Colleague: 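Below you'll find the structure I mean.
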Amino acid sequence: MLEQLSSRLDVLIRDVSFGARSQGEHERHVEEGEAIAAGIRACFRAPTHDPYNPPLWHKGGKAAW
């Protein structure tokens with residue numbers, strides 16, 4: 001999952017480096033950035049199924065390792 005998000009971030013960085021040609025394009029950049037950030041958060045907050053790396057605690061959808 002992080003690999004896919006990394007690819008999306010690379011594309012967004014490229015697009016932003018060219019600048020937004022309109023307010024609509026700027027809004028699409030913002031929305032994509034927010035979606036990528038949400039995906040990254042979801043990766044780290046998802047419970048792990050790896051028995052070798054169990055979380056130290058898991059409560060309310062949050063976990064710490």
Side-chain angles (χ1 to χ4, degrees):
M1 175 103 176
L2 284 175
E3 293 83 9
Q4 294 169 342
L5 293 168
S6 175
S7 296
R8 286 175 60 187
L9 181 58
D10 289 341
V11 170
L12 179 61
I13 290 169
R14 183 203 62 209
D15 291 348
V16 169
S17 70
F18 294 134
R21 293 180 295 258
S22 67
Q23 184 64 32
E25 188 173 17
H26 170 76
E27 293 299 326
R28 284 189 296 280
H29 291 161
V30 170
E31 289 172 6
E32 179 66 1
E34 289 172 346
I36 292 167
I40 292 170
R41 280 191 302 276
C43 286
F44 286 99
R45 290 184 176 166
T48 181
H49 299 289
D50 183 355
Y52 300 104
N53 188 22
L56 298 174
W57 60 266
H58 188 268
K59 181 178 180 183
K62 296 182 180 180
W65 282 262

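By convention here, the first residue in the shown sequence is residue 1. Just so you know, these numbers come straight off a predicted model, no measurement behind them.
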Colleague: Test of understanding: clusters of I, L, V, M, F, W, Y form through side-chain heavy atoms closer than 4.5 Å, transitively. Do Leu5 and Phe44 belong to the same one?
Modeller: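 Yes; tracing contacts between hydrophobic side chains, which count when under 4.5 Å, links both residues.
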
Colleague: Can you tell me how far the CZ atom of Arg41 sits from the SG atom of Cys43, to the nearest 0.5 Å?
Modeller: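 Reported value, rounded in 0.5 Å steps: 11.0 Å.
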
Colleague: For the CD atom of Glu34 and the CD atom of Glu31, what is their distance to the nearest 0.5 Å?
Modeller: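 The CD atom of Glu31 is 7.0 Å from CD of Glu34, to the nearest 0.5 Å.
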
Colleague: Going by the side chain to side chain donor-acceptor pair (under 3.5 Å) test, name the single residue among Arg21, His26, Glu27 that passes it with Gln23.
Modeller: Glu27

Colleague: Is it possible for you to say whether Val11 and Phe18 belong to one hydrophobic cluster, with membership spreading through side-chain heavy-atom contacts below 4.5 Å?
Modeller: no

Colleague: State, to 0.1 Å, how close Gly19 and Glu25 come at their nearest heavy-atom pair, and which atoms those are.
Modeller: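 Shortest heavy-atom separation between Gly19 and Glu25 comes out as O-OE1, 4.3 Å.
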
Colleague: If you group Ile, Leu, Val, Met, Phe, Trp and Tyr by side-chain heavy-atom gaps below 4.5 Å, do Leu2 and Leu9 land in one group?
Modeller: yes

